[in-house]
Structure formats: C-alpha cells, structure tokens
Amino acid sequence: MNDRQDPYAHDPYAQPPQVYGYDAYGRPVYHPDDPQRVYDAYGQPLAAQQQAPYDPYAAQQAAPRQTAQQEWIPQQQAGPAAAPPQPAAAVPEPRRAPDGADAAPDHRTEQFSFVEAPDEDSEDVIDWLKFTESRTERRDERKRKGRNRFVALAVALVLVVGAVVGWLLLAGGDDGGGPEAAAGQKRDVIVVHLRQTKGGGSSTALLVDNATTKKATAVLLPNSLAVTKDGGGSTTLGKSVQDAGTGATRDALNTLLGSQIKGSWRLDTPYLENLVQLVGGITVDADTDVPGAKAGDNPLVRRGGGRTLNGQTAVAYATYRGPGEEPDKQLLRFGQVMQAVLKKLSSDGRAATTTVETLAQIPDPSLSVQQLGASLAQLAERAKADAYRTALLPVRQDGTLGGQEADGLVKEVLGGAVKNAGADATPRVGVRNATGGATGAGAARVALVNGGYTFLDAGTAPATARTAVLYADDKRAADAKEVAKTLGLPAGAVRKGGGSDVAANADITVVLGRDYKG
C-alpha cells in the first residue's frame, strides 16, 4: 500500500489516471490515451481492484505519450521453431511522436535484465583496501619506531651529558678543568714589578684574569726564581729585573713558565703611593707591625685586621721585611696591597684608564695606558666579586721549579708548563767570602762576570785558609774546574760538596779563603 497521501482525495470529482504497468523501478505507469483502461507489464488489461493509487512523483517522471493509436506489441522471433516470447527478454521499440520527431525513450521493466554477476573490479577494490590498510599499518609502525628511536637517543644524550659533567666535577680544579681544559682557556696576563726607589729591591707578580672561568689570580714570583738570561746562561728573577729590565725579564718568564704575558707594568713605589691615594685608601689585615722611620716612633702600621692604609703606609707595608724573615713574607704583603687596591679601583674600563693616566707614568712599550686600564678594570671586577685569589709560586732552594704544587699552579692558572734552565746553561756561581776582608769578593765577582758566569752573592763565612770550588751535581764537575781556572785557582781546589757548604740557589759555590789574591 502506498503510504503517500492521495492528491485527489480532497476532490470528490477528480478521477485519477489508471495504471497500466510499472517501470524498472517499480513505479506505476499510466496510459495517456485511455485513462479507463489499465494494462499490465505485458500489455494485458488489469482488473479494477488491481489498480494502484495515483503517484504524482512517478507521473512526473513518466515519458509523455504523443500517439493515441499506437500500442506496444512484443517482437516475435523469426523461424518455425521460434519459441514463445519471454517477457524478460522482450525489448520494445521506442515510441515516436506523430510528426516523426524523436520522443523520449519509453523505458519499461521488461527492457532490463538483472543478473547477479560478480563485479570484475571487486577483487581490485579488496586488494586496494588491503594495500591501504597495510600501508597505514606500516606508517603507524614507522611512527612507533621513530618515537622509540627518539626516546632512546634522548636517554643516551642525557647519559652522555651526565658522564661529561661528572668527569668535569671530578677532574676540575679551582680554575675549572685539568691540564687540557686549562690550556684551552682564555686568559689575560700582565706582569707587575714593584720597584723600590730606596734600597733597589723589587717584587714581582703575574696578574691573571681568566675569562673562561671568570676568576683572577695573582701569582707571586720569588726573586730567587732562576730564569734564563738573554743570550745564554741563567740568573735570578730579582737580578733580571734590576739588570735586564722589564722586556728581557718578561721573555725569560714566558720561556720558563710557558705563559703568554701580554705586557709589563713597572710600578715604582712613588706610583704605588699615588695609586692608593687615588682610590681613596685601602684596607688590609696586617700580619705584623711596621716600625716608623726612627727609633721610638709609633709604628706606621699596627698588626691587626681591617687596618686602613693611605699611600705612604701602604708602600711601607708592601715593602717591609722584618729581621730574620723569609723573603716570601714580604712578597705576600705586596700581594695583599695589590688585591686591596684592585677592590677599590673602578671596574669600568674608561674610569680605570683615567686613574692610570692620572699617575703620569711612562708606560712600557708592551702595554699602553688603555690596555693597562682595561686589564685592571677586569681584575677589579673579579676582586669585587670575591673571584680573586693570591698564590705563591713554590721555588726550590736552587731557584728551579718542580713538584706537584708548582707544576699544578703553572698548568691550571697559566695554562703553561715549567721549563727550567737546562744543565747546559751557563752556571750560576755563588761566592761566599771567607777571607776575613771585603776585597777578595769584589775581585772574584769581576773575574766571574767577565768570564760569562752568573754571579750570586752567597754571603760570608768564618775565615778559612784555603779557597774551595764546590759542586753538588756531578754534571757540574767540569764547570767547576772551568770556574777554578777563571779565578786562577789550582785544580785541587775543586771538590764535591753538599749540605750547607753549597749555596742553595747556585750551581757552583766558591768559598774564598785567605789564599785568594784576586
């Protein structure tokens, strides 16, 4: 039963057209010529009770009938053995309009034959679906493996970084790293010589600013340090500063320490006094009393913490060495004063340069005023941030460097390596006066210097009758014989010595007796 509403139900006088068949879609077909007659799909009349209700949608789609007299007749097969026509196989010819014009084809149910044949493309579609599904699975698998690889790589990277950091923490020193790491760090190194205008003494320090570790170190160098002379031979640092000057001393230190000293700063005591005044005074923890100029005067500096010093007292404290004190004591006081000055100096490059210019010094050719000001500003910044320390370079009694402490300090702070003067260098000859007078030592000094040797004053000893030429190292036996010849002494004067008989900082020691005439 058709569930659509009959469009003619509201009009009692309206007569719906009669159905005479159904098309291929099961929709009723109405005869256009005789609405009272109804036919089935094979052209046979239908009973009135089989009439279907009118379907306006199907009526709109049905082709118009132009000829009222023409009826459809099924085609018969030719020949005597022709079988009765099969309704499913009969194909009617299209109806045509009276004027011969083509009308729309009259498609009927009998024109179509529905065969349940397998689709030729069905297997291709299934294969395509399988291919699409497998490709999606492979893509998902690649994504999963990619995520796993990424996670594994991230874990490995974290482990490597952790191992590196752990190694650095274990191998690192105060300046961050072992010898290899220290050698690759960026440093700014200058050497400062505090020279006393009264007495002629000097104090030397290397001011090292490490831009990599953001730390600074003042390395104090004892005057007994053995350095190579320009042109051959060796001498002490103190002698080199006095005799060879800043340039030759700087080159000797670079050779000895493997350092890269940028320039030299000669700071005579009057300039140190002015510098302290320019920064407004300094504060130090004094380790001793510094007596006044005259007996009975109050001390210039009193022992104690937080002592405020002006220019004059700062110079007095930096250069003071008490009776019986080791030279290193005075050198450490000089280091205290330098650190206190840097704490008060401006960390601005321009301001620090202005302070240096105000001193009116004659700069060393290796270090201009602008360069010195920039270096001091960086050091001042480290000192203010408590990233500045002072270290004393250990020196053996013979003036050479060695041992774990000295080697480590040179490697870590300077990024260099110790290279002591070789055995083939010109010997250092220490002369100890045991003549009971002063004339013999002077003559021996002249003779040794003229002979190309490095003269060292080894002090005095109780008077003795005979002169002796002593050596401690067998490698210096031949050199000792040559020294004896230079002084006009017989070969029997040469012998091996040791202990206190040999000067600590000399390769060969000459003990002058009364028999030495000079």
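What you see is a predicted model; the values in this text were computed from it and never measured. Positions are given from 1, in the same order as the sequence printed here.
Applying the salt bridge (Lys or Arg N to Asp or Glu O under 4.0 Å) criterion to Asp251, with sequence neighbours excluded, gives no partner residue. Looking at residues two or more places apart in sequence or on another chain, you find a side chain to side chain contact (heavy atoms under 4.5 Å, CB included) between Thr467 and Leu489, Val510, Leu512, Asp515, Tyr516. With sequence neighbours excluded, no residue forms a side chain to side chain donor-acceptor pair (under 3.5 Å) with Glu381.
For Arg445, the CZ atom sits in a loose shell: 12 or fewer heavy atoms of surrounding residues, nucleotides or ligands are nearer than 6.0 Å. In Lys343, the NZ atom is not crowded: 12 or fewer heavy atoms of neighbouring residues, nucleotides or ligands sit closer than 6.0 Å. Residue Lys481 places its NZ atom among 12 or fewer non-hydrogen atoms of other residues, nucleotides or ligands, all under 6.0 Å distant. Gln312 CD: 12 or fewer foreign heavy atoms inside a 6.0 Å radius.
Sorted by first then second residue, the salt bridge (charged side-chain N to carboxylate O under 4.0 Å, His left out) pairs that include residues 296-311, not counting sequence neighbours, number zero. Residue pairs satisfying the salt bridge (charged side-chain N to carboxylate O under 4.0 Å, His left out) criterion with at least one member in residues 323-335, sequence neighbours excluded, are listed as follows: Asp287-Arg333, Glu325-Arg333. Applying the salt bridge (charged side-chain N to carboxylate O under 4.0 Å, His left out) test to every pair with at least one member in residues 347-367, sequence neighbours left out, gives these pairs: Arg250-Asp364.
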Inset, instruction - Go through the steps for Thr255 and Thr228 under the test side chain to side chain donor-acceptor pair (under 3.5 Å), then give the verdict. - result: CA-CA 8 Å; Thr255 301; Thr228 303; over 6 Å; no
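Expressed to the nearest 0.5 Å, how far CG of Leu225 lies from OG1 of Thr400 amounts to 9.0 Å. Interatomic distance, OH of Tyr388 versus CD of Gln339, reported as 5.5 Å (0.5 Å rounding). A distance of 8.5 Å separates OG in Ser366 from CD in Gln371, rounded to the nearest 0.5 Å. Taken to the nearest 0.5 Å, the CD1 atom of Ile261 stands 13.0 Å off from the CZ atom of Arg187. In this structure, NZ in Lys262 is found 7.0 Å from CD1 in Ile190, a value given to the nearest 0.5 Å.
The pair Asp479-Arg476 counts as a salt bridge, with a side-chain nitrogen and a carboxylate oxygen less than 4.0 angstrom apart. Salt bridge annotation for Arg266-Asp268: present, with a cationic side-chain nitrogen under 4.0 angstrom from a carboxylate oxygen.
Between Leu256 and Ala226, the closest heavy-atom pair is CD2-O, 3.6 Å.
Side-chain atoms of Thr204 and His193 form a donor-acceptor pair, as typed in the model, at a separation below 3.5 Å.
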